[in-house]
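Presented below is the structure to which this report refers.
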Amino acid sequence: MRKTAVFLSAAILLSGWMSGAFNPVRVFAEEQADTVEAAETLSAQEEMAEGYTIGVSVYDPADWEAIAFRDYFENYLGSAFNATFYYNAERIDTAEDEIAFVTELHEAGVKGIISFLSTYIEEVLPVCEEYGMYYVLGSGTISDEVYENVKDNPYFLGTIGPTTEEEQAAGETLAENLSALDEEKNASYLVVTGGSGIGNEMHRLRTVGILTKLQEVYGQTYELSVEELAGITETTEIETGSDVRITLFPGYLVDGSEIGEAVADGGYTIVISAMTIANAITNICSAEEANGYDIKVGMLDCFTDQNYAFFNEKDVNGDSKLNCLVGKYGAIVGPSFVAMCNAYAGYADDFREDGRAFRLYQTYWYAADTDEFNELYAQSISTYENTYSATDMMQVLKLYNDDADYAAFQEFTEH
C-alpha cells in the first residue's frame, strides 16, 4: 500500500523542537488524515500521534551511563517524536528481575522494550514473544551462539553495539594505556571483570582483552588460558610468572564500597575495569589518601558529566582521579529508538536482515588522558545534532519516508 512521505527541513524540525511546538508524528498523522490511500494504516499512525511509550531496561537506573542515555531519550527524542519512556525503578540483577519488568510493561500496555542487558536475553525473549512485545538490545554485544538461538524470534528486532573484536580491543586499549603508566614495571593490578564469568559477553571479551594485553606487555605466563581466567567467578590472584601481581575481581557492584575495601590495604597500584566503576572512584581516592600511594584507574563507561569531573579533579597525589576511559556517548542509542519506532508503526519485518534479527555495529571512543577526554566530552554533549539527529532519523523511519529500508538503516547506524 502507498503512503505519503513527509519531508521536513532541519531548520523547521529543530526550531519546532526547541520551542516545544513541533511534533513530526502528529504532523504526519494530520497529513495522512486527508489521504484516502492511507486509511488502512491510519490506526498505527494515529496511535503514535497521540503519544506512545517505549520500555527501557537498564542494570542500574542510577548509573551515569544510563542517565546519559535517558537524557537523550527523554529530553531530545521524547520531545521531537512525542514519545515517553518507561524505565525500571529498581536494579535488575537477574533474568527474573528483567522478566518481572517486562511483565510490568505488558500490564501497562507498553509494546516494546529497549534493553541494555545482554546477559538474560535467552530467558527474556520467550516472554516478550508471549506478550507480543518487541525487544531490541540498544547498545551491547551477544555471542554468536546466543544470536543463533534467538535470531528467528519475530519480536526480537536485533542488537546494536560494538563488534566482538572491538569489545576485546577495548580491554586491550585500557590495559595498554594503563600499563604505560607503570614506569617501574612492577604494578599490582586489580582487574574488575564484572559479569564476565556469568554470561555477560561484553564483559568477557573485554576481560580477555585486558589479560591478553597485560600478558603481552609484561611477558607473563598464566597457568590457565585467558578464556578460562575470564570465566572465574570468585576473587582470585592469578599466577603471572612475573613480579607483576594480578587479582581478578568478578561481580557487579552494589555501591562501590566493594572495590574500596579491596584496595584499602591490598597495595594495588592500578585498577582496570571491564565495566563502569564510577561509584567506586571516591572509595579508591580515600584508599590513596589513607595509604599514601597512587592508584591509576581506567574503565569502560560513558562520556558523562561525572567522568568529566573525575578526569579534571585531582586526587591526593595531584593525579587525575580517572586516568583512562573507553566509552560511549549519549546519542549512541539513537538507532535503537529508530528500530523500535519502525516496529511500532508496523514495519518490523522491513528491517530484518534476510528475515533474521539484525546485528549492527558501532564504535567506542577512547581517552587516555584529560585532554583527550575533554575533547571527546565536548563532542558528546553536542552530539545530538551531529551524530543521530531527529532530522536524519526521519529518513530511516518508514512512517515518514516510503523509501526507508534495511540498507539505509544500516548505513545510518554504522556511519
Ile92 versus Leu117: any side-chain heavy-atom pair under 4.5 Å? yes
Expected output: side-chain Asn186 to main-chain Val244 donor-acceptor under 3.5 Å: no
Looking at Asn307, is its backbone amide N or carbonyl O close enough to the side chain of Thr304 to form a donor-acceptor pair, meaning the two atoms are under 3.5 Å apart? yes
Taking side chain as C-beta onward, heavy atoms only, is Val271 less than 4.5 Å from Ile277? yes
Ignoring hydrogens and angles, state whether a donor on the side chain of Tyr131 or Thr103 is under 3.5 Å from an acceptor on the partner side chain. yes
Gap between atom OH of Tyr222 and atom OG1 of Thr212 - 0.5 Å precision: 7.5 Å
Going by heavy atoms in the side chains, are Phe81 and Phe337 under 4.5 Å from each other? yes
For Asn342 and Lys398, indicate whether the former's side chain and the latter's backbone hold a donor-acceptor pair under 3.5 Å. yes
Minimum heavy-atom distance Ala108-Tyr86, with the two atoms named: CB-CE1, 3.8 Å
Would a distance-only check, ignoring hydrogens and angles, find a side-chain to backbone donor-acceptor pair under 3.5 Å from Gln362 to Ile332? yes
The residue among Tyr377, Trp365, Tyr329 that forms ring-ring contact (aromatic ring centres under 6.0 Å, His included) with Phe303 is Trp365
Side chain to side chain, Thr236 and Phe249, heavy atoms closer than 4.5 Å: no
Could you walk me through whether Tyr135 and Tyr155 satisfy the ring pair (Phe, Tyr, Trp, His ring centres under 6.0 Å) test, starting with their C-alpha distance in whole Å, then the side-chain angles of each, then the deciding distance to 0.1 Å, before giving a yes or no? CA-CA 6 Å; Tyr135 183 107; Tyr155 288 93; over 10 Å; no
Residue pair Ser139 / Val333: nearest heavy atoms and the distance that separates them: CB-CG1, 4.4 Å
Pair Glu201-Val146, side chain to side chain contact (heavy atoms under 4.5 Å, CB included): steps then yes or no: CA-CA 10 Å; Glu201 182 68 0; Val146 170; over 6 Å; no
Check step by step if side chain to side chain donor-acceptor pair (under 3.5 Å) holds for Tyr147 and Arg359. CA-CA 9 Å; Tyr147 174 74; Arg359 299 180 89 178; 5.6 Å; no
Hey, is Asp319 close enough to Lys296 for a salt bridge, meaning N to O under 4.0 Å? yes
Any side-chain heavy atom of Leu322 within less than 4.5 Å of one from Ser320? no
So, the side chain of Gln168 versus the backbone of Leu205: is there a donor-acceptor pair under 3.5 Å, distance only? no
Output, in order, the C-alpha distance, side-chain angles, deciding distance and verdict of ring pair (Phe, Tyr, Trp, His ring centres under 6.0 Å) for His106 and Phe101. CA-CA 9 Å; His106 172 65; Phe101 180 55; over 10 Å; no
Which atom names give the shortest non-hydrogen contact between Phe73 and Ser336, and what distance separates them? CZ-OG, 3.9 Å
Establish, from distance only, whether the side-chain atoms of Thr53 and Thr84 form a donor-acceptor pair under 3.5 Å. yes
Show, in sequence, the C-alpha distance, side-chain angles and deciding distance for Thr164 and Glu167, and conclude whether the side chain to side chain donor-acceptor pair (under 3.5 Å) test is met. CA-CA 5 Å; Thr164 55; Glu167 291 285 11; over 6 Å; no
Test of ring centre spacing under 6.0 Å for Phe116 and Phe69: yes
Stepwise side chain to side chain contact (heavy atoms under 4.5 Å, CB included) check, Tyr268 with Ile246: CA-CA 9 Å; Tyr268 296 108; Ile246 298 177; over 6 Å; no
Are the side chains of Leu214 and Tyr218 in touch, meaning some heavy atoms are under 4.5 Å apart? yes
Derivation and outcome, side chain to side chain donor-acceptor pair (under 3.5 Å), residues Asp392 and Ser389: CA-CA 5 Å; Asp392 291 339; Ser389 73; 3.3 Å; yes
When rounded to the nearest 0.5 Å, the distance separating CZ of Phe85 from CD1 of Ile113 is 13.0 Å
Test Asp182 against Lys185 for side chain to side chain contact (heavy atoms under 4.5 Å, CB included), laying out the working first. CA-CA 5 Å; Asp182 175 24; Lys185 300 304 176 189; 4.2 Å; yes
Run the side chain to side chain contact (heavy atoms under 4.5 Å, CB included) check on Met299 and Ile272 step by step: do they pass? CA-CA 6 Å; Met299 65 180 179; Ile272 181 170; over 6 Å; no
Does a sphere of radius 6.0 Å around CG in Asp152 hold more than 12 heavy atoms from other residues, nucleotides or ligands, not counting ones at 6.0 Å or beyond? yes
I'd like to know whether Ser57 forms a side chain to side chain donor-acceptor pair (under 3.5 Å) with Ser115, so could you lay out the CA-CA distance, the side-chain angles of the two residues, the decisive distance to 0.1 Å, and finally the verdict. CA-CA 5 Å; Ser57 62; Ser115 177; 2.9 Å; yes
Closest heavy-atom pair and its distance - Gly330, Cys302: N-SG, 4.4 Å
So, the side chain of Asp350 versus the backbone of Asp405: is there a donor-acceptor pair under 3.5 Å, distance only? no
Closer than 3.5 angstrom, by distance alone: can the side chain of Glu313 be matched with the main-chain N or O of Phe310 as a donor-acceptor pair? no
Only one of Asp301, Thr276, Leu300 passes side chain to side chain contact (heavy atoms under 4.5 Å, CB included) with Leu325, and that residue is Asp301
Is Thr141 close to Thr159 at the side-chain level, that is, under 4.5 Å between some pair of heavy atoms? no
Straight-line distance of Glu375 CD to Asp369 CG, nearest 0.5 Å: 10.0 Å
Backbone N or O of Asp93 within a donor-acceptor pair of the Tyr120 side chain at under 3.5 Å? yes
Which atom pair, heavy atoms only, marks the closest approach of Met202 to Ser118? CE-OG, 3.4 Å
Considering all heavy atoms of both residues, which atom of Phe409 and which atom of Ala339 are nearest to each other, and what is their separation? CZ-CB, 3.9 Å
Measure the spacing between CD of Glu288 and NZ of Lys321 and express it to the nearest 0.5 Å. 9.5 Å
Nearest 0.5 Å, please: how far is CD in Glu172 from CD in Glu165? 11.0 Å
Side chains of Ser225 and Glu228: is there a donor and an acceptor less than 3.5 Å apart? yes
Keeping the roles fixed (side chain from His415, backbone from Phe412), state whether a donor-acceptor pair exists under 3.5 Å. yes
Atom pair CZ/OH of Arg245 and Tyr189 - distance to nearest 0.5 Å: 13.5 Å
Inspect the surroundings of CD in Glu123 and state if more than 12 heavy atoms from other residues, nucleotides or ligands are less than 6.0 Å away. yes
For Gly267, does its backbone N or O pair with a side-chain atom of Tyr293 as donor and acceptor, under 3.5 Å? yes
Under the 6.0 Å and 45° cation-pi test, does Arg352 pair with Phe358? no
Measure the shortest side-chain to side-chain distance between Leu224 and Ile238 over non-hydrogen atoms and say whether it is less than 4.5 angstrom. no
